Number of protein chains: 2
Amino acid sequence: MVYVYTTKIKWRGGRKGEIKFGYGYSSDFSSPPEFGGEAGHLTPEEAFVASVNMNFMETFLSLAEKRGVRVVEYSSDANGILGQKGGKEAIVRVVVHPDITVESEEDLSQLREVVDAARKQSLVMASINSTIVVEFRASIRKQ
Amino acid sequence: MVYVYTTKIKWRGGRKGEIKFGYGYSSDFSSPPEFGGEAGHLTPEEAFVASVNMNFMETFLSLAEKRGVRVVEYSSDANGILGQKGGKEAIVRVVVHPDITVESEEDLSQLREVVDAARKQSLVMASINSTIVVEFRASIRKQ
């Protein structure tokens, strides 16, 4: 099966536009302030980092489920750092910080393996050439 | 100046979550239906393609402005194709189809050069390892 992910955008003047996603979500967007846009809108640069952060979570949850690791809570910050690569501006580094709460000691003992597998299998991470760092923090649900 | 693009996510059960962007935008999100989510939400895979599509537009508009090319309308479809790369699932190809209307023949004559420069300077395009194809259509504003 081949999946195609589609987006349609339309410029609305200045550094703003509208976007529609193939699965129905829609939003306005803008350049970030440092590139002439205004805050509060979806930005291309943040969407890039968001896709990494969200896809890693989804991949992790799917693998945890398959392996019977009981995840209670999951949150994650991800930061993308703009820098120079080969004379071009690029997001040179993405750092993902998942904060994961599991049910028991047994779940905790399997967590590193699931995180490592998700790092390898995340399809968005496989699609970028930024340096990727995943540093997770784990805890067990308080009884 | 170093810019850092930040996103924070929180899992909300199933394949859904909430995301907050550093510049203030927020949204719920979900895996796409083929990965256990439901349609209508922001998805990681579409966000990836969106970041390419939006960043190309912003880069193009910025360069057009600098070179005095008068852009009247801009819309663009972008598609990301999920496939296999080195034994991993990845967005192997992103095709961007800008549809650009300019003011005059003179603007039109410079358009290819601006599109090519935007292709080279788009910081999101420089951050991905998918094959990228940009095929634009151009027209002059009807008098």
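Proteins come first, then strands; the chains are lettered A, B, ... in the order of their sequence lines, and each starts at number 1. This structure is a prediction, so every number in the text was calculated from the model and none was measured.
For chain A, the nearby parts of B:Ser62 are the backbone and the side chain; heavy atoms of each come within less than 4.5 Å. Residue contact with chain A, scored on non-hydrogen atoms closer than 4.5 Å, is absent for B:Glu38. With a threshold of 4.5 angstrom between heavy atoms, B:Lys16 approaches chain A through N, CA, C or O but not through any side-chain atom. At a 4.5 Å heavy-atom cutoff, the contact between B:Val71 and chain A is made by backbone and side-chain atoms alike. Proximity to chain B involves both the backbone and the side chain of A:Leu42, based on heavy atoms less than 4.5 angstrom apart. For A:Phe35, the part lying under 4.5 angstrom from a heavy atom of chain B is the side chain only. Of the atoms belonging to B:Ile81, heavy atoms from both backbone and side chain fall under 4.5 Å from chain A.
The minimum heavy-atom distance linking B:Phe56 with B:Arg119 is given by the pair CE1-N, 3.4 Å. Taking each heavy atom of B:Ala47 and A:Phe21 in turn, the nearest pair found is N-CE2, 4.0 Å.
The hydrophobic clustering, which links ILVMFWY residues whose side-chain heavy atoms are closer than 4.5 Å, places B:Leu111 and B:Val96 together.
A:Glu113 meets the side-chain contact (heavy atoms from CB on, under 4.5 Å) test with A:Arg67; sequence neighbours excluded.
If you tally non-hydrogen atom pairs under 4.5 Å between each of B:Gln121, B:Glu65, B:Lys85 and chain A, the highest count goes to B:Glu65. Among B:Lys120, B:His97, B:Arg93, B:Glu18, the residue making the largest number of heavy-atom pairs under 4.5 Å with chain A is B:Lys120. For the set B:Pro33, B:Gly22, B:Gly83, B:Gly36, the entry with the most heavy-atom pairs within less than 4.5 Å of chain A is B:Pro33. For the set A:Ala90, A:Pro98, A:Ser130, A:Gly24, the entry with the most heavy-atom pairs within less than 4.5 Å of chain B is A:Ala90. If you tally non-hydrogen atom pairs under 4.5 Å between each of A:Ser76, A:Ala39, A:Ser30, A:Ser75 and chain B, the highest count goes to A:Ser76. The choice from B:Gly37, B:Ser122, B:Ser27 that makes the most heavy-atom pairs within less than 4.5 Å of chain A is B:Ser27. Counting heavy-atom pairs closer than 4.5 Å to chain B, the top-ranked of the candidates A:Lys88, A:Lys10, A:Glu89, A:Glu45 is A:Glu45. Here A:Arg15 is the residue among A:Lys8, A:Lys20, A:Arg15 with the most heavy-atom pairs under 4.5 Å with chain B. Each of A:Thr6, A:Asn53, A:Asn55, A:Val49 has some count of heavy-atom pairs under 4.5 Å with chain B, and the biggest count is that of A:Asn53. Of the listed residues (A:Pro32, A:Ala50, A:Pro44), the one with the most heavy-atom contacts under 4.5 Å to chain B is A:Pro44.
For A:Arg112, the CZ atom counts as loosely surrounded, since its 6.0 Å shell holds 12 or fewer non-hydrogen atoms of other residues, nucleotides or ligands.
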(request) Walk me through it: do A:Ile91 and B:Leu123 pass the test side chain to side chain contact (heavy atoms under 4.5 Å, CB included)? (result) CA-CA 7 Å; A:Ile91 307 283; B:Leu123 69 90; 3.9 Å; yes

(request) Could you go through the side chain to side chain donor-acceptor pair (under 3.5 Å) check for A:Tyr5 and B:Thr43 one step at a time? (result) CA-CA 10 Å; A:Tyr5 298 100; B:Thr43 71; over 6 Å; no

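B:Glu58 and A:Ser31 form a side-chain donor-acceptor contact under 3.5 Å, judged by distance and modelled atom types alone. Checked by atom type, the side-chain pair A:Thr101/A:Tyr74 shows no donor-acceptor distance below 3.5 Å. Residues B:Glu106 and B:Ser109 bring no donor and acceptor atom of their side chains to less than 3.5 Å of each other.
Atoms CZ and CZ, on B:Arg12 and B:Phe29 in that order, are 10.0 Å from each other to the nearest 0.5 Å.
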